[in-house]
Amino acid sequence: NLRVQFFGSKLAAETTQKFRVGFLPVTCHLTCPVTDFINKQMAGDGFFEPIRFNGWPELKEAYLSGYMPATFLLAPLAMALREQGVPVKIVYLGHRDGTAMMVHKDSQIYRIEDLKGKTVAVPNRYSNQRLLIFKALKERGMSIKDINMVEMPPPDMPVALRSRAVDAVTSGEPFMGQTELDGYGRVLYLTKDVWPNFISCVLVVSDDAIKNRRADVQRLVDGIAQSGKWLDQTMDHRMEASEFVAKNYYSQDPRLLRFVLSKPPDRVKYTNLAPLKKDFEEIQALAIEAGIMQGTVHFEDYVDTSFVKDDNAIQPYAWEGTKPTNQ
Amino acid sequence: MTGKLAWTKIALPLGVAALLLLAWDAAVRVSGSDIFPRPHEVLRGIIQLIEQGLLLKYVVASLFRVTWGFTLAVLIGVPFGLFLGWYGWAFQAFNPMIQMLRPISPIAWIPVAILWFKVTDKAPIFLIFLASVFPIAVSAIAAVQNMQPVYLRAARNFGLTQLQLFRRVILPATLPQIITGIRIALGVAWLVVVAAEMIAVNSGLGYLIIDARNAGKRYDLVVAGMVMIGLIGLVLDLLVRQLEKFDEVRWGYANR
Amino acid sequence: MTGKLAWTKIALPLGVAALLLLAWDAAVRVSGSDIFPRPHEVLRGIIQLIEQGLLLKYVVASLFRVTWGFTLAVLIGVPFGLFLGWYGWAFQAFNPMIQMLRPISPIAWIPVAILWFKVTDKAPIFLIFLASVFPIAVSAIAAVQNMQPVYLRAARNFGLTQLQLFRRVILPATLPQIITGIRIALGVAWLVVVAAEMIAVNSGLGYLIIDARNAGKRYDLVVAGMVMIGLIGLVLDLLVRQLEKFDEVRWGYANR
Amino acid sequence: MQANPTVQVRDLWMSFPGKRSGEQVHVLERINFEVRQGEFVCIVGPSGCGKSTLLNIIGGFLRGSRGDVMVEGQPVAGPDPRRIFVFQENGVFPWLTVTENIGFGLLKKSEPERAKIVAHYIEMVGLNGFERAYPRELSGGMKQRVEIARALAANPDIIYMDEPFGALDFITRLKMRADLVRIWQSEKKTILFVTHDIEEAVQLSDRVLVMSKRPATIQTIVSIDLPRPRDLDSAGYLETRDRIFSAMGMSLRIGENEKEALPISAQQPV
Amino acid sequence: MQANPTVQVRDLWMSFPGKRSGEQVHVLERINFEVRQGEFVCIVGPSGCGKSTLLNIIGGFLRGSRGDVMVEGQPVAGPDPRRIFVFQENGVFPWLTVTENIGFGLLKKSEPERAKIVAHYIEMVGLNGFERAYPRELSGGMKQRVEIARALAANPDIIYMDEPFGALDFITRLKMRADLVRIWQSEKKTILFVTHDIEEAVQLSDRVLVMSKRPATIQTIVSIDLPRPRDLDSAGYLETRDRIFSAMGMSLRIGENEKEALPISAQQPV
Ligand SMILES: Nc1ncnc2c1ncn2[C@@H]1O[C@H](COP(=O)(O)OP(=O)(O)OP(=O)(O)O)[C@@H](O)[C@H]1O
Ligand SMILES: Nc1ncnc2c1ncn2[C@@H]1O[C@H](COP(=O)(O)OP(=O)(O)OP(=O)(O)O)[C@@H](O)[C@H]1O
Ligand SMILES: [Mg+2]
Ligand SMILES: [Mg+2]
C-alpha cells in the first residue's frame, strides 16, 4: 500500500484488525460497553474493540480518518455526514429517549413557555437536543429566536447551571442527572415528554465495512440489540450495568449511573432500537429547519436496515451478572 | 538597498508560502483523501464566511477577547515579574506558585471561569489572561535576574526611590528581553483562544473552529479559522516588533 | 547565610502555599458550593488515584508524551531558530510562516494529528511538539538578533566555519536567553497536554482531567490532575534552571 | 568635623571563592588606611592586584571577607547617592541619551535647574552637539566622558573613580584632570581615584597609595606636598614621581612572578 | 612583494546617519594613506575623532560612505582571519575560560600544538594561574591582556589594535610594548595601532598618523626613523614626540570648538 497516508485514506479500515467501535462515556452509548463486557464475561473475550473517546470531534475525526469502521454518533450528525458525501450508514440506534432539560431548582421556569428570553445551553449545533428544542418551541407557537441558545461542552453544564451562568441546560446523560442528584437541578422536561421515542445517538458503520466485513457488522448489531434488551429486562440488570460500566468503562460514580438509569426507569430506553423511517424523517425535517442539512439525502441513503431482520425476535443476553460482587 | 530589502521582505515569504500551498495541495491530491480540504476549498470557505458576514464578526470577537486578556496579562505580568525578579524574597515566596500554575491547561480552568464569570465574555478573557500572564512574568523575572551587573550598580548608586528605580532603570534595561517574552505570550494567547471560546460564546475564530469540527465534514472551515488566526498572529507580531524600533529599546538589539 | 537561604527557599513558598490553600478552602466554604472540591477532598482524590495505581501510570504516560514532544521541539527549534536568526534571508523567508503557525491552537490541529498519526501516542506528541517548538524558535531567533555586536565581530574575525561559528559562538552567546525561552516553552508544552490527550488515549494527566470532567462531578480529580501537572511543572522548571548554573551560561546571569 | 577621616579601612581582607578547585583567590590582605575629608587620594598598582576590588568594597558594591570599612563614621552598608562611583567598565545607560544619562542623578531637581546643570557638564566634557545621541553612537572616550559628567553632576561629597580617564586622548585627559582638580578644590570633595598612570597620580593627588601585587597589601603611601598648580618640571614633582616608580618596580620585584619583574629601566629601550 | 602597500586607503569618507534630525554625523573626510608590508603604524587623534571608525572600516567591520580601502591588493569585503582585530570594547568571550579564549583562533591546530601556543601567550601576558578563570573573574586589565593574547596567538599577517593597552598599568604596559615590538620584528607583521598615548606611538611605530578633530582628516604623518631599541632620552625621540604633541595641539586649535583648544602648555599646571 504505497498510498500516501498523510491525509488519510478513504475510510479504508484495516480488515486484519479487531473490529473497532468508537463511543463516549455517556448513557446514550451504554450498550457499547455493556455488549463488550457481557461478551467478555460469557466468551472470555470480546469480538470487537470498543474505543473510548472524550469528545465528539475526536470521535468523528478518528472515524473519518479510517481508524475505526464503526462508531456511535449523533443522529443528525450521521445524516449530515452522509449528505456531505461521507460513506456512512446508520445500522442501529443507540437508545431512545434518554435526555432531559434541566433548570435550576430555584428558577421560575416551570413550563417550556417560561424559557422565553432565557439562556439555554446545548452541546453543539448537530446535537439532537437542539432539534428537540426546535420541536418543543414550535409546538408551543414559539421559535428559536425566543430563547438565547449557547453551545457548551456537556461536562461544563453542571457548573454553569449551579452557578446560574445559564438558565437551562440540555445534553446527554449523565450530566443532567448529576445536577438533579446534587439537588440544584430540576427537570423541566424529559425527552419522552416532548418527543416520545426520541433518538439522540445511533450506531453507524462505513460502507466499506458493510461490504467487506458484513459478518462483523451483523455480530455487532446483534450484540447491541441483545444487550439493549438485557438492560431493559429487569432493574437489576440496569443496576448491575451501572456498576461494571461505571467502574470499567466510564470511570464515573456508579451512583450517578444508577440514578440516571432508574429515576424514572423510562428516562432512557434500550429497546425498540431498529431504525424507523418516520423517526428519521422527523429528524431530517427539523435538521433542515435548523440549517444543518439541505435535504438532498433520504432515509434509504443514510440508513441500512438490512442488519435487523426482526428486532422483536432478538433475545436479551442470557447472563445474570456477577451478583456476588454487588455485596 | 531599500529596494532590495523590500524585495526580499515580500517576495521571499510569498515564495515560501506559495511552495507550501503547492505542497499541501499536492499532498492532499496524492493521498486521494477527501477529508482534508485543498487550499482552494479553504479559500472558498473563507469567501463563504465573508458572504455570510461571519468572518468579520468572528475576527472582531476573538480580537476583542484576546486584546483584553492579553493586555491584562501584560499590565499585570510585567510589573509583577519585575518585582519578583528584583526582590529575592518575593521571588522565593511566589516563584514556586507561578511555576505550578503556569503549566495548567486553560481547559482545566474552564469550570472555574464559568463559576466566576458566568457565560460572559469575561470567562474566555480570563482564560486567555491566565495562559499569557505566566510567560510574560517568567520572561520579566529572568530579564531582571540577568541584567548586566554594571547597570545595576550604577543604578543603585544614585539613590533612586524604588519606583524611580523600576521606571528608569529596571524596566528599560529589561525591555528588550521582555518584548521577546511578550511576543511569545501573544502567540500563547491565541494558542488558547479555541479552548477559551469553548465556553458558550457564539462567536470568535476559536468558536468557528470548534463549531466546524462539530459539523460533519467542514474541515475547510476549520482550516479557514486556522488561517485567519495565523494571519492575525502574523500582523500582531509585526506590530509588537515595531516596539523594538523605539530608541529606548534599540540598544538591546544588534544592528541588523 | 546558607542556613538563611535554605530557610527562605523552603519556608517562604510553603507559607505562601499554606495561605493559598487556606484561602481556597475558605472560599469554597463561604460560597457554600458543593461543586468545587476543598483541598482535603483533592488530597483524598489523589490518594484514591494512588491506591488504584493510576497516579503513577498517568504521570508516566504524560511525562513520556511531553518529554518526547518537547525534546523534539528543542532539538528542532533551537538549531532552526539560530539559523533563522543568523541568516537574514532565511529569516525573511520563514519568519512569516512561523508567526502564522505559532498562534494556531493544538485543538485545531487535532484533526490533522488524527489523520497523520491515528489514535496513537504519536498524535499527542505531535501536538505538544507543535505548541512548544515555536516559542523556542522565536526566542532563539530573538537571542541571535540581539547578540552583542562586539562578540559578533570578534567571532567573524577568526574565520570559523559556519558550524564552528554556531557551535562555539552563537549558541553559547544566546544560551542564557534560549534557556528562558525553553522554560517558557516547557510550560506551554504542559499547557496543551490536556488538549493533546483528548485524542483517545486512556492514560495521562490530561486524560485524567478530561475523564474527570466527563464523570459529572469529579472536580476533586480535575483539581488533582491540575495539582499534579503543577507539581511536575515546578520540578521540571527547577531542573531546567539547573542549566543556568553551568559555567558556559553563568556569564549571562547577574550574580544573585 | 573637618580633617576627620572620611574613609577608614581597617584590617581589610578579601578573597573570591575559587572556581573549580575550591581554592580561593586572595586579593586583598591586611589593608589599612584612612582618607581625610577633602583629600584627593590616588591608588596605583599592577593590573589585577585588587584596586577595583578595594574601591568596590569602599563603595558598598562588594563586601570584604574580613575587616571594617567605615565611611563618614558609619560602616558601609551599600551604595549611597552622596558617594558616586565612576566604573571601570562602562556604566553609562545605553537606553538613555547623553543628556538623560548626565541628568540621571538629578531627578530631585526641577526641570530647568537640571537642564542648566546638564548643559554645564556637557560643555565641560566637550560633548556639545551630542546631547541627544545614544551611547551606541559615541566613541569609547566619549562614553567615558558621559560617565564622568554624570558623576560630577550629581554633586556628591565623595567621588570614587576607577580609571576614569583610561580611554581619553592626551589632550582631553589633561583638560579633564584640570577640571577635576578645580571642582575638587572649589567644592571640597573627597576623591578616591584609581589610575594606572603614575604621572596622573602625582599630578592630581595629596597622597598616593601604592599597592603590591596580588594578594595586594599597601606597599607604601607617598604623600605629595607639592603646591598647586603643580609644576611638572619641578624637582619635587620629578622626585616624587620617581619614588612611586621605584616603589612600583619594587612591588614587582618582590612579587612571586619573576617574569614580570621588569626593572624601571625597562622604560628606556622598547 | 616586500614594501608593497599592504593597506591602501584612498579618498575615504564616512558619515553616520544622524539620529533624529536626519542630519549626518560626518566622521571621516578625504582620508588617504598607505601602510607598507611589515610597517608599524600608529594612529593618534582626539577622542571621538574617528580612529575606531577608520580602523573598523579597514578591518571590514564597517563600510565607508565613499572611497576605496584595499588590503593586500583586494578591496575589503569583510573580516579575514589573517587580519586580527583587537577591539576597544572588550571582545573577550564571557562564556570561555582564559585558555579557551586565547586558543579561540587556533581551532585548526592539533590539540597539543594549541595547548603549547596558548601556554606561551598566557605566560607572555602574565596570566599564569588564571588559565581556567572566566572573564567575569578577571580585572579590567587582565581581560584586555586576554584579548591581546588571543589576537597574537592567531598569528595573523596584519594586526589592527584599538587602544589595546588602555587599561594596563605602567609596568605591564611597558612589558606588553616590548613584547609586541619583538613579535613584530621577528615575525614581520603589519600593525595598525590606535592609541591615545603619544609616547607610546613614538616608542612603537615607524610612522604616526595624526588625525584632526571630527570630521577627521589626516593632519600630518610623522615618520619616525629612530633606531630600535629606542632611547627615550635621545634628542631624536624627544623631538619627534614634541612634533606630534604640537601637531595634535594644532589639530585642536584649528577645531571649531574653541573651548577645547587647550594649548600644549596645559600639560604644565594642573
Ligand atoms: N568576581 C570575581 N571572582 C573571582 N575573582 C575575581 C572577581 N573579581 C575580581 N577577581 C580577581 O581579583 C583580582 C583583583 O581584581 P581587580 O579588578 O580588583 O583588579 P584591579 O587592580 O582593578 O586590576 P586592573 O588594573 O586590571 O583593573 C584579580 O586577580 C581578579 O582575577
Ligand atoms: N554607530 C554610530 N552611529 C552614529 N555615530 C557614531 C557611531 N559610531 C561612532 N559614531 C560617531 O563617530 C565619531 C567617531 O567615533 P570613533 O569611535 O571612531 O572615535 P575614536 O576616534 O575611536 O574616539 P575614542 O578615542 O574616544 O575611542 C564619534 O563622534 C561618534 O559619535
Ligand atoms: Mg580595575
Ligand atoms: Mg575609539
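Computed from heavy atoms alone, side chains included, the values below leave out hydrogens, waters and symmetry copies. Lettering follows sequence order; numbering is per chain, from 1.
Ranked by non-hydrogen atom pairs under 4.5 Å with chain B, the options D:Pro81, D:Gly91, D:Ala151 are led by D:Pro81.
Considering all non-hydrogen atoms of both residues, B:Ala154 and D:Arg150 come closest at CB-NH2, 3.6 Å. Contact record, D:Ala154 with B:Phe158: CB-CE2, 3.8 Å, taken as the closest heavy-atom pair. Scanning both residues, B:Asn157 and D:Pro79, for their nearest heavy atoms gives CA-CB, 4.0 Å.
Contact annotation for D:Asn56: only side-chain heavy atoms (C-beta onward) come within less than 4.5 Å of a heavy atom of chain B. Contacts of D:Val92 with chain B are made by backbone atoms alone, with heavy-atom separations under 4.5 Å and no side-chain atom involved.
Between D:Phe61 and B:Pro149 there is no side-chain heavy-atom pair separated by less than 4.5 Å. For the pair B:Arg153 and D:Phe87, the minimum side-chain heavy-atom distance is below 4.5 Å.
Atom CZ of D:Arg182 has more than 12 heavy atoms from other residues, nucleotides or ligands within 6.0 Å. Remark: D:Trp13 CH2 is packed, more than 12 non-hydrogen atoms of other residues, nucleotides or ligands lying under 6.0 Å away. Other residues, nucleotides and ligands contribute only 12 or fewer heavy atoms inside 6.0 Å of the CG atom of B:Leu163.
Exactly one of B:Val169, B:Leu175, B:Leu171 qualifies for a side chain to side chain contact (heavy atoms under 4.5 Å, CB included) with D:Trp95. That residue is B:Val169.
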B:Arg168 and D:Phe93: CA distance, side-chain angles, deciding distance, side chain to side chain contact (heavy atoms under 4.5 Å, CB included) verdict
CA-CA 10 Å; B:Arg168 302 187 35 106; D:Phe93 298 121; over 6 Å; no
